[in-house]
Structures are given as C-alpha cells and as structure tokens.
Enquirer: 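My questions all concern the structure below.
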Amino acid sequence: MAFRAFYALPVDNFATSTGQHTNAVHGFISMLLKLIAEEKPSHIAVAFDVGSETFRTREYSEYKGTRDKAPEEFPSQIPLIKEVLDALRIRHLEVPDFEADDIVATLKTEAEDESFDEVLICSGDRDTLQLVTETTTVLYPTKGVSVLTRFTPQAVEDKYGVPPARYPELAALVGETSDNLPGVPGVGPKTAAKWIAQYDGLTNIIARADEIGGKAGQSFRDNIDNVLRNRKLNHLLTDMDLAVSLPDLVTEPVNREAVHGVFDALEFTTLRERVFAMLPADSAAPDQDESTELSFDIASWADDGDLAAFLQAHADGEDAQRIALVLDDGATDVERLALATRTHALVLELAALPAGEDAVLAAFLSGPAPKTAHDAKSMWHRLTERGYDLKSVVFDTDIAAYLIHPDQRRHTLVDLAQRYLDRDVASDAAASGQLAFDLESDATIDTLARQALAVAELEVQLTGALEDRGLSHLMTKLELPVQRILQDMEATGIAVSETVFNELYDQLDADVKQAADDAYAAIGQEINLSSPKQLQKVLFEDLDMPKTKRTKTGWTTDAEALSDLFEKTAHPFLAALLAHRDRIKLRQIVETLRSARAADGRIHTTFQQTVAATGRLSSTDPNLQNIPARSEDGLRIREAFVVGEGYETLMTVDYSQIEMRIMAHLSQDAGLIEAFREGEDLHNYVGARVFDVPIDEVTAQMRSRVKAMSYGLAYGLSSFGLSRQLGIEVGEAKALMDDYFDRFGGVRDYLRTVVEQARRTGYTETMFGRRRYLPDLTSDNRQRRDMAERAALNAPIQGSAADIIKIAMIAIEDALEREKLDSRMLLQVHDELVLEIAPGELKRVEALVREHMAGAAKLDVPLDVSVGLGPSWREAGH
DNA sequence: CAAATCACGTA
DNA sequence: CGTACGTGATTTGC
C-alpha cells in the first residue's frame, strides 16, 4: 500500500523543507485514516516486509527477481510511516524471513478462530484474495489508493471465476510476472478458471493432466513443475509465531504529543487536523465547553482578601498545589499577574493591589511555596523591577520544552498550549471570538487566566514527557539551578570603561574613513563598501578579476576570497577593502557595546538558556560571547571590560581543550587518554604518534596539521575540508587522516558508533543524558544527511562540555554562598567563566573555582583548568 | 516592512 | 565539502 501511495502521489509535490520526500507517507496515512473513519475497527495492525530475503527467495532464488529496485525516494519513507503509526498507537509488525502477507494471514486466521464478526484486509497484493471468506473481506486498491474494491467471496468468484480458496491455484497456473513466477504459457485466467471448475481443483487437474487436450494441455504437462512451485510459493502461512496477540491490537487513543512531533517533522498540517478531528487523543485537554465549567475565579482585584483566600485554598495545607504564574506581556503599562492551579485562576493588577494584599503577594512570591512559570528568568527580572523577589520556582515550561526538543528554537507558551493541550491561549483568541465565554471584564484578564491555567496543566504534561526521556534530572538538578545563577549574572552585569570605548571608537572611526578613501581612490569611484552586490560588480565586472567561490546569488567577497585575490592581483583596492571591513566591524562592536552600557556603568547581557541545540548557552543584547580575542585591536576591546568599583580584580577561569578531553573519554582511545595523562602538549604528542617521530622532533607544521585535524574530527571534517584548511592536496589530507586514525583507532570507532546509534535511535546523547534529535540522519537528501551526521558527531561532545561547565557553575555558586563570599560570576563563554573578586577573597575563590571546575565531572582524563587575573578582561584572559 | 543573504566575531 | 551561536548592513520580495 505504501508503494502504491508512492506512485499515486507526485513525489516532487511532497517534500519537507529539508528535502525529505513524504509522498508515500502522506498517501499511506491518508488512506489509513480514511479507512479507520469508515470502518471503525476495534483492532488494527499494519504488517511490513523486512528486507528482500525470505524463505521464499531461498526456495526459489528468482522469486521476485525481476523487480526493479525501489526508487531512491521511497525506502527512507518506510521508517517515517512507522513513526506515524507509533504516534497513532497502531501496532506494526514485521518478521524477518517472512512477508507481510504471512503476518496478515496469521492474524486473520487467529481472528476467525476467535469468532470475530468481521476481518478486513487492505492489501495491494492479490495473493491475499485466498484469505477471503464470509467474514473476511479484502480491500484491494484499484485507482491509486483512494478507491478500494471490496473483495467478498462473491466478488472474487465474479471477477476470477473461482472461489477465494481456489484463487492461488488459478494464480499458480497463470503465473505472476511481478513475482517473476512464470506459469503455463498459453493459459490465462479464463482457461485456468475453466479447468479448476471442470476438474475440481488443481490436484485433480494434475492427476488427470493426460486428459487435457489441445495446445494448452500440452503446455500444462510441460510446465507442471512451474505450477507446483508457484502453488507452493503463493501459499500464505497462517500459523506464524507472532510476538503479539489480538488483544494487543485493540485500537488506542493517539499519542497527542508524538503526533505533533512527527507531523511537525513531516510538515503535515491537514493530516494532523484530520487525526485530531476523528481520533480520540490520550491527553485530552478540556475542550472549550468544559473550560466554561472550570471554577474560574477571576478576582476583583480591588477587593481585599481575595489573594489570601486563593492562596489558602490552593497553596496551603495538605493538598497544596503548585501555583502557576503568568505575567502580562508588558505591552501596556498595567502589569497583571495571573496565578493558577489546573482548575482555578486569579488575576491581580499589581499597581492597584491594596497594601495588605501586596504584602501577601510579596511573601508568597519570595516564600517557599513551589511555583511554576514559563521562562521564570524573564519573570524574575520583571518582578524585580516592581520590587518583588521570585523564589522557589520548581518547574519552567520553557526549559522543559527545550530539553524535550532542543532543536526547536521557539517554544512559546502559546505554541506549547496548542501542541500539548490543543488549546488556543493567544492574546487575540478572546478578541477573535474563539473563547467560549466572554467575561464582562477586559479580555486581557481572561487571556492571562487561561495562560496561567495552561502553564499549570503543561507542567503535568511536560513532567511526564521529561520522565519518559530520562530528562527530569537535567531539569531539576542542572537547568533550574543554572537559571537562578544566570538571573544573578544578568542582573549584576559587567563593568565597562566608557573612556576606553570612546577612545577606541574615535581611533577606529578615523581608520574606517581612511580605509574608505584608499578604497575609493584605488577604483576611482565611491561605492558602498558594505554592499556585496556593488563589490561584485567592481571586482568581477569592472576589474574582471578571477571568480571566487559561488554563493546563492553570485560570488563571495569574504575575507578569505579577497586575500586570495590580493595575492593574485596585488590590487590596492583589495587591501583597502579588507582593512575597511576589519575596522568597520570593530567600530560596530565598540558602538554596540558603548550603547549597551547601562546607568550603573555595566553591561547586562541576556543569556539564552533554551536556544542552542547542543545545550550551550547563548548571549544576546548584546552578545558578550563573541567579543574579539585574537587580533591586537580586538583585544583592546577587552580592555574596556573592567573590574567594578568595590572589587579587587577580574578572574577568568577556563577549561583547556575540554572537547578533546571529552573525545578521549567517550572514545576510550588508549593513545588519546595517555596523551592527556602524560601532561605533554597534546598536539605535539599526537603529532609524534601520527608522523612517527620522537616528540621533540615534531615541527611547527606537523603540530599545526594535527591540531587542525584533531579539532576538525569533533566536527565531522572531511578530507576535502582538511585539505582546504591546510592548503594541501586532498590526497595528502586523506593520507593524514588515515595515519591519524591508524594511531587513534578508538576515535574512529567511536565516531562511527555515534552516528550509527543516532541513526537507530533518532537522537544523540551527552554524558548526562541530554538529547538532540536528528531526523535528517535518514534523509535521502545527501546534503541534509551529511549535515545531520556532522551534527551527530559534534552534539555529544559540545553538549557534554556544556553540561560540565553548567555543573561547575552550580558548584561554584554553592561554594561562594556557603563560604559567604562576595565574589561573583559575571559571564560564561562556553568553556570560560569570568568572575569579579571581592577584596581579600582572591586566594579562597581561586582555590574553590579550580576545585569545582576540575571536579565537575569524573572523566578518564584530567580536566585541566587555568586561571587568569587582571583589572580588565584582556589582562585576566589567557 | 519583513525576510533573506552575506559577512564575521566567539568557543 | 567541521560544530554551535548573534549582530548588522544590504538586498529582495510582498
């Protein structure tokens, strides 16, 4: 049926944005849903073939031998169909060495033995017609997969002239070209049916073969072997030993979350709607009608005592519940806070809160009562502005959704409510009349209440989803504690020197103008040097320079290509352009940072905790994780980040080569582990092994080559990429890789295993169980697949490093608190922390930071930590 | 006016 | 034809 669906729908019209073809999936599932809607089965199963070898091919090696290989767009769709079936909670069966038809025949037989009223078989294989009885009907696709013909005993007889049980005899005589089973030449369905009727079956036909006259009779006698073989092969097994029995096949509610997941990946929208329209789902959210029955208390915020009463009813005593919190979007100047359990909501207008209520609220927010929020870090910041402190957040729906689907960069509350609760809590839902009831009060209040109710309910759903994936620990022990730390880091910020920024800016600004003038002079015209389009015209049309690497819209003008062109042409425009690029970039960075300086003289970045697919943090507004660190001028920018007033010094502490150490640990490669244990310079050590020379004879070139190699490995570098990076021939790069893997075979084996396992399970895992799903690993688009493979190589390594530094941050924060130190963390830059050290605390902080960084994870190699000190980030850096 | 493209900074 | 990010200027497309 899947194959039929493949040919019924145009393959080019069904593909995801990543290039995965989905026409067979769509056609198959569409057909299946229609079937379920019309037939309403009590039990259901789908059977698949496994591979091409079965007991039949061993019996007769040419069986199905003339079949063309399936088109390349087809095979990758089969696992996708199975994923959808899993989400729909429909069992699918496959047994090595047997065909799907045998499974179908066995189940049908069991069902009839159990006196089921009716059995329906949907199959595109005519061999199943032998299974038709008074209770069993075959639905055979006639036009694509949209029209199914019902083969009852009468219908079989009408069409083929034999009763269903005799159909295989007819097929044996006629043969089946698609299975490469020749029958009797000259005998078609009409003759075969006539003989079967006349002699009462194949056995008798064979016994009385001599009596059959004419050409056809002779042909039959010459081909009896074919017929016997055909009959043997087209007999379906009805007594297979299946792992499941009929009670396992009872129809079940669909797994709502899984359906969303798989249909998101497949980019199916109409089918998703059809599924939810027709099938019951497990986590059925109260629908709109039921919502009206919720005890939906919306307090009049002017009344004193409502909050206290609400908290007493829901947050106190033995059956205290989690309180979900939602703050309005801040678009207007009113700030409203909604509190909710799964059934009760209360909305407060903060500015209008009576003093008594305000005190109750403040005590509740900062008190021990457990709370749930969506993006609690933002909420904390906003509540802090209003003078409240938010504590005891024990669940965050944003973080939970991120742990479950780290690749989805967006998981807003509205998205989550739609996906997990099938509920629209968008702020315009009320206005657009989608809500079932309309309170007299403001629609915003209604929306906030609904959102808070949704958060409360999402916690239950997401807690289950986290548990299913073994992610609960990461939530409670890692991400939530890290969230609180980031909150403080963001609030603290890092001090910057306005003077340094101003001086830098003026210098760079002059440089920019000079470089621009030089560039204009070199080409005799003024163009926009920041416009790749205009640059292309000048370089490749006016100056007719050799073409560089292609981009989507033309030829690249990136720094590497421009340097290349400069070597070839020595044109002064290129030098001026490169200088201009460099200066303008730095000037822009300085300007961004200068304007990000807050009234307290510090820059307060925002750390994104739910964005990077590997588990890393990212930094925005401004990004303090990409401050220049290499060039001299870049480093001057770091001079502007300084120790704040009242503090003694900045401290940076970083892990050296943490990703390579994780690679050593995960791969268990003996050579690599030894390299780190020896404490030798890693790249010299590896170079000595790869080039087979004593360690003190490793040249600078050897060292830089193995260094590029080592790092490239963790990212899935190809020999092509390596050759380009090192400026050597592909063959030489290939040889280098081979030598490397000869010496460090454990690394090669590990990398292979990682990809293989990810392809099997659908996800990679860090040392601490953080997952990343990579559905593209089975894509039939090579570019997509290769990209997913490289991501699979990198994710466990980059992700484990991210986990480790998060663990270290928690331990450091704990220690600072425990020892009542005033020193504090300011920034995290993936493998580095920046701290501000309070007077007199240097020694103790350095000791505890070293201890907790190095001790964050127990690897089979040491975690090396280095510490730097200084009045600015530049001097504290390494 | 928003999205896409290009370029480039970090680990 | 290594991974993971964020920002800004220009261009494209509606």
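Just so we're on the same page: letters track the sequence lines, and every chain starts at 1.
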Enquirer: Across the strands shown, which category fits A:Arg587 at heavy-atom distances under 4.0 angstrom: base, sugar-phosphate, nothing?
Expert: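 Result for A:Arg587 = nothing.
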Enquirer: Could one point to a donor on the side chain of A:Asn623 or the base of C:dG6 with an acceptor on the other under 3.5 Å away?
Expert: no
Enquirer: Just N and O in the side chain of A:Arg790: are any of them under 4.0 Å from OP1 or OP2 of C:dG2?
Expert: no
Enquirer: A:Ile658 has an atom CD1; how far is it from atom P of C:dA4, in whole Å?
Expert: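 Distance check: A:Ile658 CD1 to C:dA4 P gives 18 Å.
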Enquirer: Using whole Å, what does the distance between atom P of nucleotide B:dC6 and atom CD1 of A:Ile584 come to?
Expert: 19 Å
Enquirer: Can you tell me which nucleotide in B:dT10, C:dT3, C:dG6 comes closest to the side chain of A:Ala629?
Expert: B:dT10
Enquirer: For A:Ser619, answer base if it contacts any base atom (sugar-phosphate contacts may also be present), sugar-phosphate if it contacts only those atoms, and nothing otherwise; contact means non-hydrogen atoms under 4.0 Å.
Expert: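 Sugar-phosphate only.
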Enquirer: Between C:dT10, C:dG2, C:dG6, which nucleotide gets closest to the side-chain atoms of A:Ser531?
Expert: C:dT10
Enquirer: Categorize A:Ala559 for me: base, sugar-phosphate, or nothing, with a 4.0 angstrom heavy-atom threshold over every strand shown.
Expert: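 A:Ala559: backbone/sugar contact only, no base atoms under 4.0 Å.
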Enquirer: Salt bridge check: are A:Arg770 and A:Glu479 linked by an N-O gap of less than 4.0 Å?
Expert: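 Counted as a salt bridge, because a side-chain N and a carboxylate O are separated by less than 4.0 Å.
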Enquirer: If you look at every heavy atom in A:Val865 and A:Arg850, which pair is closest and at what distance?
Expert: O-NH1, 3.3 Å
Enquirer: Examine B:dC6: is either OP1 or OP2 under 4.0 Å from a nitrogen or oxygen in the side chain of A:Thr557? Give yes or no.
Expert: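 Indeed not, no polar side-chain atom of A:Thr557 lies that close.
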Enquirer: What is the distance, to the nearest angstrom, from the CG atom on A:Leu726 to the P atom on C:dC1?
Expert: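 After rounding, the reported distance stands at 18 Å.
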Enquirer: Scan residues 503-515 of chain A for pairs that pass side chain to side chain donor-acceptor pair (under 3.5 Å), counting only residues two or more places apart or in two chains.
Expert: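 Every pair satisfying side chain to side chain donor-acceptor pair (under 3.5 Å) with a residue in residues 503-515 of chain A: A:Gln507-A:Asp511, A:Asp509-A:Lys513, A:Asp509-A:Arg587, A:Asp511-A:Arg583, A:Gln514-A:Asp518.
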Enquirer: Inspect the contact between A:Asp739 and A:Arg743 and indicate whether a charged nitrogen and a carboxylate oxygen are less than 4.0 angstrom apart.
Expert: no
Enquirer: If you look at every strand shown and take non-hydrogen atoms under 4.0 Å, does A:Ala801 touch a base, only sugar-phosphate, or nothing?
Expert: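 No contact.
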Enquirer: Could you state the CG-P distance from A:Leu722 to C:dT3, rounded to the nearest angstrom?
Expert: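 The answer, rounded to whole Å, is 14 Å.
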Enquirer: With a 4.0 Å cut-off on heavy atoms, is A:Gly712 in touch with a base, just the backbone sugar-phosphate, or nothing at all?
Expert: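 Base, at least one base atom sits under 4.0 Å.
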Enquirer: If you only use heavy atoms from C-beta on, which nucleotide in C:dG2, C:dC5, B:dC8 is closest to the side chain of A:Asp558?
Expert: B:dC8
Enquirer: Spell out yes or no: do the side chain of A:Arg581 and the base of B:dA7 have one donor N/O and one acceptor N/O closer than 3.5 Å?
Expert: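 No, the side chain and the base share no sub-3.5 Å donor-acceptor pair.
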Enquirer: Please give, in whole Å, the distance from C:dT3 P to A:Ile662 CD1?
Expert: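 Result: 18 Å.
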Enquirer: Whole Å only: how far is the CD atom of A:Gln534 from the P atom of B:dC6?
Expert: 16 Å
Enquirer: Given C:dA9, B:dA7, B:dA11, which nucleotide is nearest the side-chain atoms of A:Ser530?
Expert: C:dA9
Enquirer: Considering only C:dT7, B:dT5, C:dC5, which nucleotide approaches the side chain of A:Asp621 most closely?
Expert: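 For the A:Asp621 side chain, the nearest candidate turns out to be C:dT7.
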Enquirer: Measure the distance from NE2 on A:His830 to P on C:dT3 and round it to the nearest whole Å.
Expert: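 That distance rounds to 16 Å.
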Enquirer: With a 4.0 Å limit, can you tell me whether A:Lys552 has a side-chain N or O closer than that to the phosphate oxygens OP1/OP2 of B:dT5?
Expert: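 Checking B:dT5 against A:Lys552, a side-chain N or O does come within under 4.0 Å of OP1 or OP2.
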Enquirer: Can you identify which nucleotide, out of C:dC1, C:dA4, C:dC5, has its nearest atom closest to the A:Arg772 side chain?
Expert: C:dA4
Enquirer: Please determine whether a side-chain nitrogen or oxygen atom of A:Thr620 lies at a distance below 4.0 Å from atom OP1 or OP2 of C:dG6.
Expert: no
Enquirer: Send over the distance from A:Leu535 CG to C:dT11 C1', rounded to a whole Å.
Expert: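 Answer to the nearest Å: 13 Å.
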Enquirer: Run the side chain to side chain donor-acceptor pair (under 3.5 Å) check on A:Asp621 and A:Thr606 step by step: do they pass?
Expert: CA-CA 6 Å; A:Asp621 197 24; A:Thr606 303; 5.1 Å; no
Enquirer: Answer with base, sugar-phosphate or nothing: what part of the nucleic acid does A:Asn528 contact at a heavy-atom distance below 4.0 Å?
Expert: sugar-phosphate
Enquirer: When you get a sec, tell me which of B:dA11, B:dC6, C:dG8 is the closest nucleotide to the side chain of A:Thr553?
Expert: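 Ranking B:dA11, B:dC6, C:dG8 by closest atom to the A:Thr553 side chain puts B:dC6 first.
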Enquirer: Considering only NZ, NE, NH1 and NH2 on the basic side and carboxylate oxygens on the acidic side, decide whether A:Arg410 and A:Asp415 come within less than 4.0 Å.
Expert: yes
Enquirer: Using a cut-off of 4.0 Å on non-hydrogen atoms, how would the nucleic acid contact of A:Gln588 be classed: base, sugar-phosphate, or nothing?
Expert: sugar-phosphate
Enquirer: Any idea which of C:dG6, C:dT3, B:dA7 is nearest the A:Thr556 side chain?
Expert: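 The closest nucleotide is B:dA7.
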Enquirer: Select one nucleotide: of C:dC1, B:dA7, C:dA4, the one nearest the side-chain heavy atoms of A:Arg616.
Expert: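 My answer, after comparing the listed nucleotides, is C:dA4.
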Enquirer: C:dT7, OP1 or OP2 - any side-chain N/O from A:Thr592 closer than 4.0 Å?
Expert: no
Enquirer: Side chain of A:Lys533 only, please: which of B:dA11, C:dT3, C:dT12 is the nearest?
Expert: C:dT12
Enquirer: Could you tell me whether A:Arg636 and A:Glu632 have a side-chain N and a carboxylate O separated by less than 4.0 Å?
Expert: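 Here A:Arg636 does not pair with A:Glu632 in a salt bridge, since their nearest N and O are not under 4.0 Å apart.
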